[in-house]
Protein chains: 2
Amino acid sequence: MSGMDLRTVSRRSVCDEVYDQLAGNIVRGEVAAGDSLLSERRLAEVLGVSRPIVREALQRLAIAGLVEVRQGGSTTVRDYRRHAGLPVLAQLLLPAGSLDLGVARSLLEARLHIGPEVASLAASRAGAALERPLTEVLSQWDGAADPVRQQWHALEFWDLLVDGCGSIVYRLMYNSMRAAYEPLLAALAPTMQGETVSARPLAAAVVAGNATAARSAAHDLLAPTTHVLLEAISALEG
Amino acid sequence: MSGMDLRTVSRRSVCDEVYDQLAGNIVRGEVAAGDSLLSERRLAEVLGVSRPIVREALQRLAIAGLVEVRQGGSTTVRDYRRHAGLPVLAQLLLPAGSLDLGVARSLLEARLHIGPEVASLAASRAGAALERPLTEVLSQWDGAADPVRQQWHALEFWDLLVDGCGSIVYRLMYNSMRAAYEPLLAALAPTMQGETVSARPLAAAVVAGNATAARSAAHDLLAPTTHVLLEAISALEG
DNA sequence: ACAACCTAACTGGTCTGACCACTTGACCAC
DNA sequence: GTGGTCAAGTGGTCAGACCAGTTAGGTTGT
């Protein structure tokens, strides 16, 4: 049994499919901002689904900020750079199955800037209260066999820090950024492996309640892999 | 005509109403994470709308990360702290018409930490290219009669900086944070008025391409109002 | 020619009722 | 216990209809 490596089956509904197709066309720029979408009835016909399903997908696009729906008029594409929320990052990072390098760079930069702040806040606000959960996650992290499993524990580690920093804004940011990152996790796990050894000093600083030490420890953890990946991106861009 | 102060009529659809009711119940904690929602048919009956409308609202809740829908099983409430994206901030900041002070504090802190970074990046990446648009917005900002109009120009000012920083992540964060802030804009405008005088030095540093000066200028702009508001929040909390 | 009006043909918004696919839990046989 | 079976309830999808708002083009009056 232990070697079977099962995972939950993906159960994509028709609505998911429609949403992904439309969202993909928008973020890949195949329809420009201001353009009108086909009418709901036409879309239903073209996609071979019923109109309620098209509408459900359009509702999702609308609250994501990718389209604007007006009764009587046609549904138009919005400029996602101006109106979309952070969760759209996931679509932008992997627009057509391949990584968008500019988006990836932007994500790495933000991580490097916000991560240390989160660690600092967690140290001053949660401090010793994080001792037990952090050591628990750290031991699992060290014990993890392959880099992918390590990465999952790394995310859980940051999850604790983000909770500890007591900021709902950083919490929600983390959720959106994590959701964008997870599809890449397996591919990036080997590179990220270097962060493992720096986690203990960070945890120690946080538990000690030393905000400045936590900030710099977090920077020390994030900076090396950040720079490696940024250089790799520069190289790929030519 | 000039004194009529018209605004676009709000045209709330039934679906919007259902969404707001359900989202409000969730973020106000009136239903706990893990609880099951009523079935779609029951909700339709209770709310007096048709099932397709209930479904559209549920789709929106689902991609917002507030509920989880599973075919065959019941729709359950998720822990928004763990799964919701940044746009939910808008609902959390004004959950029942009155401000949530903890969320507001968190938002102010994040603004103070990220704003200077955005200014710094804009200085090093856009620099002189921002001269014309920034001076234009600044003149409008100064010329604005009342504090509310000033705030709208202030947002436009930051809009330019966020564009100039060349980071899609900060751009999307800004969109979500701005959307949460806008309903409060009128109430906070008098307090924010103090930021007006600090905008010119910030613009000058950015246009000069001086990243460190831009960072500190942005901090000088944001810090005073941030501290005033944080103290006001502390006072209100007792 | 021009302006105002009006109508027809779109658009999205909502409803109804039906059927399918899936999950759950209870019951039953082994 | 273990596994099979089944019924009830859930979400997933569909079809077709009608309401409500927008838009464009034609009509009318001047």
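In what follows, chains carry the letters A, B, and so on, assigned in the order in which the sequence lines appear, proteins first and then strands, with residues in each chain numbered from 1.
The distance from atom CD of A/Glu40 to atom C1' of C/dT14 is 11 Å, rounded to the nearest whole Å. Between B/Glu56 atom CD and D/dC14 atom P there is a gap of 15 Å when expressed in whole angstrom units. With rounding to whole Å, B/Glu45 atom CD is found 15 Å from C/dG17 atom C1'. Counting to the nearest Å, the C1' atom of D/dG11 and the CG atom of B/Leu37 are 13 Å from each other. Across the protein-nucleic acid pair, B/Arg42 atom CZ and D/dG11 atom P stand 12 Å apart, rounded to whole Å. Atom-to-atom, CG of B/Asp16 to C1' of C/dG13 comes out at 11 Å; the value is rounded to the nearest Å. Rounded to an integer number of Å, the gap from A/Arg11 CZ to D/dT13 P is 12 Å. Whole-Å rounding puts the B/Glu68 CD to D/dG11 P distance at 13 Å.
Taking side-chain N and O atoms only, A/Arg51 has no distance below 4.0 Å to OP1 or OP2 of D/dA17. Taking only side-chain nitrogens and oxygens, B/Thr75 comes nearer than 4.0 Å to OP1 or OP2 of D/dG11. Side-chain nitrogen and oxygen atoms of A/Ser39 include at least one within less than 4.0 Å of the OP1 or OP2 phosphate oxygen of C/dT11.
The number of heavy-atom neighbours closer than 6.0 Å to CZ of A/Arg149, taken from other residues, nucleotides and ligands shown, is 12 or below.
If you check every strand for non-hydrogen atoms under 4.0 Å, B/Arg55 touches a base. Note on B/Arg41: a base of the nucleic acid sits closer than 4.0 angstrom, heavy atoms only.
Nearer the 5' end of DNA chain D, as judged by each residue's closest nucleotide, is the contact made by A/Ile53, out of A/Gly72 and A/Ile53. Looking at which nucleotide of DNA chain C each of B/Arg70 and A/Gln59 is closest to, the 5′-most match is held by A/Gln59. Along DNA chain D, the nucleotide nearest to B/Gly73 and the one nearest to A/Ser50 differ in position, and the one closer to the 5' end is contacted by B/Gly73. Residues B/Val49 and A/Leu58 each lie close to DNA chain C; by heavy-atom proximity, the contact nearer the 5' end of the strand is made by A/Leu58.
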Q: Take B/Glu109 and A/Arg125 through the salt bridge (Lys or Arg N to Asp or Glu O under 4.0 Å) test and state the conclusion after the steps.
A: CA-CA 14 Å; B/Glu109 288 170 355; A/Arg125 292 182 183 168; 2.6 Å; yes
Q | Verdict with reasoning, B/Phe157 to B/Trp141, per ring-ring contact (aromatic ring centres under 6.0 Å, His included) | A | CA-CA 9 Å; B/Phe157 180 84; B/Trp141 189 346; 5.4 Å; yes
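A/Gln59 and B/Gln59 are not linked by any side-chain donor-acceptor pair at a separation below 3.5 angstrom, with hydrogens and angles left out of the test.
For a distance-only test at 3.5 Å, the side chain of A/Gln71 qualifies as a donor-acceptor partner of the base of C/dG12.
Checking C/dC30 for Watson-Crick or G-U wobble geometry (two distances, each under 3.5 Å) identifies D/dG1 as its partner.
Using a 30° and 60° split on the angle between ring planes, A/His113 and B/His113 fall in the parallel class, below 30°.
Among the nucleotides D/dT13, D/dA15, D/dG12, the one closest to the side chain of A/Pro52 is D/dA15.
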